[in-house]
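In what follows, chains are A, B, ... by sequence order, proteins preceding strands, each numbered from 1. Keep in mind the model is a prediction, meaning the values are calculated, not measured.
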2 protein chains.
Amino acid sequence: MQLTTNQQRVLATLQQSSRPLSAYKILERLKSEGFKAPTQIYRALGCLAERGLVHRLESLNAYVRCAPPSTEQGVRAFAICDSCGHVDEFIVPSLNRYLGTWMKQNVFSLGSSTIELHGKCATCSKLDRTSDS
Amino acid sequence: MQLTTNQQRVLATLQQSSRPLSAYKILERLKSEGFKAPTQIYRALGCLAERGLVHRLESLNAYVRCAPPSTEQGVRAFAICDSCGHVDEFIVPSLNRYLGTWMKQNVFSLGSSTIELHGKCATCSKLDRTSDS
DNA sequence: CCCACAAATGTTACGTTATAACATGCCAAA
DNA sequence: TTTGGCATGTTATAACGTAACATTTGTGGG
Ligand SMILES: [Zn+2]
Ligand SMILES: [Zn+2]
Ligand SMILES: [Zn+2]
Ligand SMILES: [Zn+2]
């Protein structure tokens, strides 16, 4: 199925942003295009998330455009820079294996997983070091 | 430092619960003991979390009593049963090893991490199978 | 004992995030 | 053209979280 106009606009807004946006931030940016209520944003985000085009970052209550979905199999993870907001989405193949071991020992049938790493990206770490005394 | 009365009551409430509780759920249960406003709960939760006695589950906006802190070193993870709410806290010994490829290619100085797995616990999986047609 | 100070607690108000419920408009099949 | 679906719009409210300031409590020095 094609994306609706609203979904396209929400997706474009996320695409253009260098950092995750909360639903209300997206709303602000789309007020000028006629959006008025959070429902409209949440509805679009819901559909986009179902299709894997955006992800919700639980630890930020915010949303990001999916990085070009790789063909790799594994668990999705996000590395989030707390300084600049940059998010790096990647797949952890072997974590799957490790968690697999844990799940066998503990009988747990896995649905979805949330893996969000907070820290500093390379750029921000460098800035820190150069501004050190 | 000793826990204050409020902290003890919040901790006890979490301890007695078989599933994670939101701050407002805790408040409800403690209304009878004189608690009136969310601030009181959040303050207690803040202190308890600093000491590692409770954890916040980002994907649920809820809090759990820390499982007896093991001596193991590593990153904390949670397996959450979406049916019964049971939470199993465990340690991923060396996350770095599993993030291997990504870590090598990406400089990222890790601060805190959120790992929350959703699915079904052993008990609930069994129930499913016995109630199958 | 009494004051001064700090820490904990109480109270009110507000900000942010998310959903429920119902109304309206749009398009395509019968 | 009617009708049924689904996307959209609109209003209201629920759920989660914090800021700011008042009050109490407990402790050590005078
Ligand atoms: Zn993705
Ligand atoms: Zn950065
Ligand atoms: Zn713990
Ligand atoms: Zn269960």
*Provide the full list of ring pair (Phe, Tyr, Trp, His ring centres under 6.0 Å) pairs with a residue in residues 108-127 of chain B, sequence neighbours left out, each pair given once.*
B:W102-B:F108

Atom pairs, protein N/O to nucleotides 22-27 of chain D N/O, distance under 3.5 Å:
none

*Report yes if the side chains of B:L53 and B:R65 come closer than 4.5 Å at any heavy-atom pair, otherwise no.*
yes

_Are A:T114 and B:I115 packed together at the side-chain level, in the sense that at least one heavy-atom pair is separated by less than 4.5 angstrom?_
no

*Pick out which of B:I80, B:L21, B:D82 makes a side-chain contact (heavy atoms from CB on, under 4.5 Å) with B:L60.*
B:I80

Give the rounded distance in Å between these two atoms: [atom1] of [X] and [atom2] of [N].
X     : N      : atom1 : atom2 : value
A:Q2  : C:dC27 : CD    : C1'   : 16 Å
B:K25 : D:dC16 : NZ    : P     : 7 Å
A:Y42 : D:dA12 : OH    : P     : 19 Å

*Where each residue is assigned the nucleotide of DNA chain C containing its nearest heavy atom, which of B:T5 and A:Y63 is assigned the position nearer the 5′ end?*
B:T5

Residues which pass side-chain contact (heavy atoms from CB on, under 4.5 Å) with [X], listed by chain and number, not counting sequence neighbours:
X     : result
B:E33 : B:R9, B:L30
B:A44 : B:Q7, B:V10
B:I91 : B:S70, B:E72
A:R19 : A:S17

*asked:* Of the options C:dA18, C:dG10, D:dT8, whose atoms approach the side-chain atoms of B:N6 most closely?
replied: C:dG10

*Just jot down the ring pair (Phe, Tyr, Trp, His ring centres under 6.0 Å) partners of B:F78, sequence neighbours excluded, or say none.*
B:H55

*Partner residues of B:H86 under the ring pair (Phe, Tyr, Trp, His ring centres under 6.0 Å) criterion, sequence neighbours left out*: none

_Could you check whether the side chain of B:R43 and the base of D:dG17 have a donor-acceptor pair of N or O atoms closer than 3.5 Å, going by distance alone?_
no

*Enumerate the residues from residues 54-62 of chain B whose closest heavy atom to DNA chain D is under 4.0 Å, giving them by residue number; use none for an empty result.*
B:R56, B:N61

*Check each residue of residues 10-22 of chain A for a non-hydrogen atom within less than 4.0 Å of any atom in DNA chain D, then write out the ones that pass by number, or none.*
none

*asked:* Going by salt bridge (charged side-chain N to carboxylate O under 4.0 Å, His left out), name the residues that satisfy it together with A:E116, two or more places apart in sequence or in a different chain.
replied: none

*Between B:Q16 (side chain) and B:T13 (backbone), is there a donor-acceptor pair under 3.5 Å?*
no

*Under 4.0 Å from any atom of DNA chain C, heavy atoms only: list the residues of residues 30-41 of chain B that qualify, in numerical order.*
B:K36, B:A37, B:T39, B:Q40

*Going by 5.5 Å between centroids and 30° between planes, is there a stack of B:Y24 over D:dC16?*
yes

